[in-house]
Undergrad: 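Structure in structure tokens, see below.
As the structure lists them, so they are numbered: ligands from 1, and atoms in each ligand from 1. For this chain, numbers begin at 1 and follow the sequence in order.
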Amino acid sequence: EGAVRFEDVVFHYDANRPILKGISFEVPAGKTVAIVGPSGAGKSTISRLLFRFYDVTGGRITIDGTDIRDVTQKSVRAAIGMVPQDTVLFNDTIAYNIRYGRPAASEAEVQEAAAMAQIGPFIETLPKGYDTEVGERGLKLSGGEKQRIAIARTILKAPPILVLDEATSALDTHTEREIQGALDRVSRGRTTLVIAHRLSTVVNADEIIVLEGGRIIERGRHEALIRAD
Ligand code: ADP
Ligand code: ADP
């Protein structure tokens with residue numbers, strides 16, 4: 001469940017400037033595909049098209065064989081969990097932030113999601129109403145902690161498809177490594193599209209697609225691409 005296909009997708013924001021110039025790839029159900037490439041290559045555009053923030057100019061995108069233009073935007077988005085690189089939190093407990101969008105989730109489910117994302121210990125110790133952003137009245141959350149909250153939120157939503165956007169990740173190497181374990185756990189068994197800058201962060205992907213100037217210039221597994229470098 002949740003197979004994603006891009007079939008000869010062409011896209012431009014402005015009529016005269018093609019951004020994606022005929023992109024075809026598949027993320028088989030439960031597999032992980034990474035899109036890697038320099039800034040401006042069109043990586044984020046791919047995730048925006050998948051979310052139907054824009055519709056393709058040519059070609060099509062399908063989920064389990066259905067053209068995403070044939071279903072509502074809402075149902076497309078319900079099937080997709082996004083872990084953005086920059087998470088905006090509410091000024092409330094971590095549990096509240098994890099639960100956001102899933103009010104019916106049980107306490108046990110929230111705890112389990114927090115544990116998977118490795119923020120379990122924080123969940124009860126932080127008082128309600130503490131300022132998650134400014135930190136004047138309590139601990140300031142680091143970028144890595146915020147990202148773990150976003151991961152826990154996504155675990156709780158349990159979407160069949162995941163989009164992990166690492167494109168402009170501001171995390172330091174140490175935090176990035178910590179987060180990687182949590183991300184690997186969330187993506188296990190889910191159809192996952194990773195948007196990344198560097199090959200080094202997507203070692204475990206089933207396929208890596210190298211995008212440049214709106215075209216796929218290379219594809220393969222990590223070992224093969226490293227060897228070709
Ligand atoms: P990447 O994620 O690989 O850095 P993007 O998909 O964000 O690349 O952008 C690809 C190209 O599309 C860039 O040249 C960018 O300037 C352009 N672009 C992105 N968003 C818009 C937009 N809303 N309107 C016009 N051009 C855009
Ligand atoms: P939900 O409440 O089910 O998460 P939303 O309608 O709030 O649904 O958002 C739909 C999805 O789109 C969410 O997973 C959200 O993270 C994602 N999303 C929101 N903004 C962006 C963006 N700029 N780029 C990519 N995905 C986004």
Undergrad: Applying side chain to side chain donor-acceptor pair (under 3.5 Å), which residue pairs with at least one partner in residues 54-65 are found, sequence neighbours left out?
TA: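 Qualifying pairs, neighbours excluded: Glu7-Arg60, Arg52-Asp55.
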
Undergrad: I want to check something: taking the side chain as every heavy atom from C-beta on, are Ile63 and Thr191 in contact at a cut-off of under 4.5 Å?
TA: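 Heavy-atom side-chain distance check fails, nothing below 4.5 Å.
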
Undergrad: Answer yes or no: is there a side-chain heavy-atom contact under 4.5 Å between Leu193 and Ile46?
TA: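 Heavy-atom side-chain distance check passes, below 4.5 Å.
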
Undergrad: Based purely on interatomic distance, does Lys43 place a nitrogen or oxygen under 3.5 Å from a nitrogen or oxygen of ligand 1?
TA: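 It does: an N or O of Lys43 is found under 3.5 Å from an N or O of ligand 1.
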
Undergrad: Could I get the full list of side-chain contact (heavy atoms from CB on, under 4.5 Å) partners for Ser39, not counting sequence neighbours?
TA: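 Ser39 satisfies side-chain contact (heavy atoms from CB on, under 4.5 Å) with His197 once adjacent residues are dropped.
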
Undergrad: Using a 4.0 Å cutoff against the non-hydrogen atoms of Tyr54, which atoms of ligand 1 qualify?
TA: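 Near Tyr54, the atoms of ligand 1 are 23 (N).
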
Undergrad: For ligand 1, which atoms, with element, lie under 4.0 Å from some heavy atom of Pro38?
TA: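 Here the atoms of ligand 1 in question are 3 (O).
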
Undergrad: Within a strict 4.5 Å, meaning less than it, do heavy atoms of the Phe11 and Arg48 side chains meet?
TA: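 In short, these two side chains do not touch, never coming nearer than 4.5 Å.
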
Undergrad: Which is closest to atom 1 (P) of ligand 1 in terms of heavy atoms, Gly40, Gly213, Ser47?
TA: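 Among Gly40, Gly213, Ser47, the closest heavy atom to atom 1 (P) of ligand 1 belongs to Gly40.
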
Undergrad: Which atoms of ligand 1 sit under 4.0 Å from any heavy atom of Ala41?
TA: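 Matching atoms, with element in brackets: 1 (P), 3 (O), 8 (O).
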
Undergrad: Rounded to the nearest 0.5 Å, how far apart are CD of Glu207 and CD of Glu26?
TA: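 One gets 9.5 Å once the value is rounded to the nearest 0.5 Å.
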
Undergrad: Any idea which part of Phe11 is under 4.0 Å from ligand 1, heavy-atom wise: side chain, backbone, both or neither?
TA: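 Near ligand 1, Phe11 shows nothing, with every heavy atom at 4.0 Å or more.
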
Undergrad: Examine ligand 1 and decide if any of its atoms is less than 4.0 Å from a heavy atom belonging to Gly37.
TA: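 It does not, in that no heavy atom of Gly37 comes within the 4.0 Å cut-off of ligand 1.
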
Undergrad: Heavy-atom distances under 4.0 Å are what count here, so tell me which part of Ile19 touches ligand 1: side chain, backbone, both or neither.
TA: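 It is the side chain that gets close, since no backbone atom is under 4.0 Å.
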
